Amino acid sequence: MEKINEELNGLWEDAIRTRFLEHMKDEDPEEWIKQNALDFRELMSYYRCAIMEVETKFKVLDEELSLKYDMNPIESIKSRLKSPASIVDKMLRRDFSFSVESIEKNLNDIAGVRVITAFPSDIYMLSEAFLRQDDIKLLQEKDYIQNPKPNGYRSLHLIVETPIFLHNSTKLMKVEVQFRTISMDWWATTEHKIRYKKDVEFPEIIDRELLECAEMAAVLDKKMEIISGRKPLKIEAI
Ligand code: 0O2
């Protein structure tokens, strides 16, 4: 664990050094690191705790639904802490002042939890059950399933606030929760890989083909749900 932390600390210090040099020539990155190192590490640690809290909530829901209704709506959970380089880039891209307080105030997606389901209806059932929990506060919802992005991207995104319970205090932390079916996740992961290939020939043809794949995946999702014959669980029944 110590080694991982050391590597992570090295990574963000590198990110700050290189990004500052690229974007903020007037400031001294070494001075910033000296003054903010501890606060930045502490903030990242709180986000890691928030990820654990939210992951546990979904594991508990899956366990309970498995016991009571013989269903395991969650196929997998993938969590990630936004990388130091992405944090620095996003702050600079959006022109936010660069301080630890500003990172916490302005970025909603440092802690990310992705919940993958087999069927689309499970997404809404799980998000409803999650949002009914007393200590979860919904800050923002973007439903890219009802309203897919023009490129075909589908997912339900929630920004929530969750408490983390420290030894002598409680802190509220923001977490981005993305819900996707297996096929939405497969499409998004593959699209991300293709989009970040710099040498793609005929990008507009690729965009059209990717949109077509997203629409095919959505049809398959619906068809698989019908074939399964399962009735979506109404939240009142829980
Ligand atoms: P990563 O690697 O996941 O960190 P906001 O955060 O609300 O200020 P933003 O970032 O536009 O504004 O939010 P939005 O639209 O909710 O999307 C954020 C995340 O959704 C992205 O995070 C991706 O994970 C995913 N996403 C959104 N659109 C697409 C898309 O077209 N294709 C794919 N593959 N993923 C998408 P990051 O920060 O880009 O990346």
Side-chain angles (χ1 to χ4, degrees), residues 8 11-12 15-16 19 23 40 43-44 46-48 50-51 54-55 58 75-99 101-117 120 123-124 126-127 130-131 136-162 172-198 200 203-218 220-221:
L8 200 65
L11 270 182
W12 81 259
I16 285 159
R19 264 57 182 186
H23 297 273
F40 187 88
L43 182 65
M44 292 303 118
Y46 293 155
Y47 281 118
R48 273 195 292 276
I51 287 176
V54 170
E55 272 189 358
F58 284 109
E75 283 295 315
S76 59
I77 300 177
K78 299 180 195 168
S79 299
R80 68 107 182 86
L81 197 63
K82 203 171 185 68
S83 74
S86 302
I87 294 174
V88 180
D89 282 347
K90 196 163 183 175
M91 292 295 291
L92 297 176
R93 209 168 48 239
R94 305 233 164 144
D95 247 349
F96 292 129
S97 63
F98 201 72
S99 66
E101 297 79 54
S102 171
I103 291 172
E104 185 173 7
K105 177 166 169 252
N106 292 305
L107 296 193
N108 295 331
D109 63 342
I110 296 186
V113 174
R114 189 171 290 158
V115 179
I116 319 271
T117 69
I123 288 177
Y124 293 102
L126 283 170
S127 71
F130 172 65
L131 290 174
I136 291 292
K137 181 173 169 198
L138 177 65
L139 301 181
Q140 187 191 80
E141 176 171 349
K142 290 190 198 168
D143 190 342
Y144 295 124
I145 300 174
Q146 295 301 317
N147 307 294
K149 283 196 165 182
N151 65 353
Y153 176 77
R154 285 173 170 78
S155 276
L156 174 67
H157 292 190
L158 308 178
I159 306 293
V160 298
E161 203 170 59
T162 183
L172 296 173
M173 303 302 298
K174 284 186 277 187
V175 177
E176 182 186 66
V177 186
Q178 298 183 346
F179 296 88
R180 297 175 178 171
T181 60
I182 300 165
S183 78
M184 291 171 198
D185 188 52
W186 161 79
W187 183 92
T189 310
T190 313
E191 185 260 3
H192 190 263
K193 279 187 187 146
I194 295 171
R195 198 153 42 94
Y196 283 92
K197 266 185 75 182
K198 300 244 173 346
V200 172
E204 57 297 331
I205 298 178
I206 300 280
D207 287 352
R208 207 177 331 119
E209 298 279 332
L210 281 169
L211 176 59
E212 209 178 302
C213 289
E215 284 161 357
M216 285 158 76
L220 287 177
D221 265 344

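Everything numeric here is computed off the predicted structure, so don't read it as measured data. Only heavy atoms go into these numbers, but all of them, side chains included; no hydrogens, no water, no symmetry mates. Start at 1 and go down the list; that is how both ligands and their atoms are numbered.
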From the candidates K149, K193, H157, R94, the one that places a heavy atom nearest atom 12 (O) of ligand 1 | R94
Least distance between heavy atoms, Y124 atom then S127 atom = O-OG, 3.3 Å
Pull out every atom of ligand 1 sitting under 4.0 Å from any heavy atom of A188, numbered as shown with elements.
-> 34 (N)
What protein heavy atom is closest to atom 31 (O) of ligand 1, reported as residue, atom name and distance in Å?
-> N151 ND2, 2.7 Å
Nearest-contact summary for atom 6 (O) of ligand 1 - protein heavy atom, Å | K90 NZ, 3.0 Å
Which residue holds the protein heavy atom closest to atom 4 (O) of ligand 1, what is that atom called, and what is the gap in Å?
-> R80 NH2, 2.8 Å
Short list, please: which atoms of ligand 1 are under 4.0 Å from a heavy atom of D109?
-> 38 (O)
Return the residue, atom name and 0.1 Å-rounded distance of the protein heavy atom closest to atom 36 (C) of ligand 1.
-> Y153 CE1, 3.3 Å
With a 4.0 Å cut-off, strictly under, does atom 39 (O) of ligand 1 pick up any protein heavy atom?
-> no
Any idea which protein heavy atom is nearest atom 15 (O) of ligand 1, and the distance to it?
-> Y144 OH, 2.8 Å
Between Y47 and K174 the two heavy atoms that sit nearest each other are CE2-O, 3.4 Å
Do the side chain of S183 and the main chain of D221 share a donor and acceptor less than 3.5 angstrom apart?
-> no
Donor-acceptor pairs are to be reported for all side-chain atoms of residues 153-160 against protein atoms at under 3.5 Å, with residues two or more places apart or in another chain.
{"residue": "Y153", "atom": "OH", "partner": "S155", "partner atom": "OG", "Å": "3.2"}
{"residue": "Y153", "atom": "OH", "partner": "H157", "partner atom": "NE2", "Å": "2.7"}
{"residue": "Y153", "atom": "OH", "partner": "R180", "partner atom": "NH2", "Å": "3.0"}
{"residue": "R154", "atom": "NH1", "partner": "G152", "partner atom": "O", "Å": "3.3"}
{"residue": "S155", "atom": "OG", "partner": "R180", "partner atom": "NE", "Å": "2.7"}

Closest non-hydrogen atom pair, I87 against F40 | CD1-CZ, 4.4 Å
Protein contact of atom 7 (O) of ligand 1 - nearest heavy atom, named by residue and atom, plus distance | K142 NZ, 3.1 Å
Would you check if M184 and T117 make a side-chain contact, meaning some heavy-atom pair closer than 4.5 Å?
-> no
When distances are taken from atom 33 (C) of ligand 1, the protein heavy atom at minimum range is E191 OE1, 3.3 Å
Mark yes or no for whether W187, through its side chain, and E215, through its backbone, hold a donor-acceptor pair below 3.5 Å.
-> no
Residues two or more places apart in sequence or in another chain: which of them pass salt bridge (charged side-chain N to carboxylate O under 4.0 Å, His left out) with K142?
-> none
R114: heavy atom below 4.0 Å from ligand 1, yes or no?
-> yes
Closest candidate by heavy atom, reference atom 23 (C) of ligand 1, pool R195, M184, Q178, K82 = Q178
For the residue pair I51 and R80, what are the closest heavy atoms and their distance?
-> CD1-O, 3.5 Å
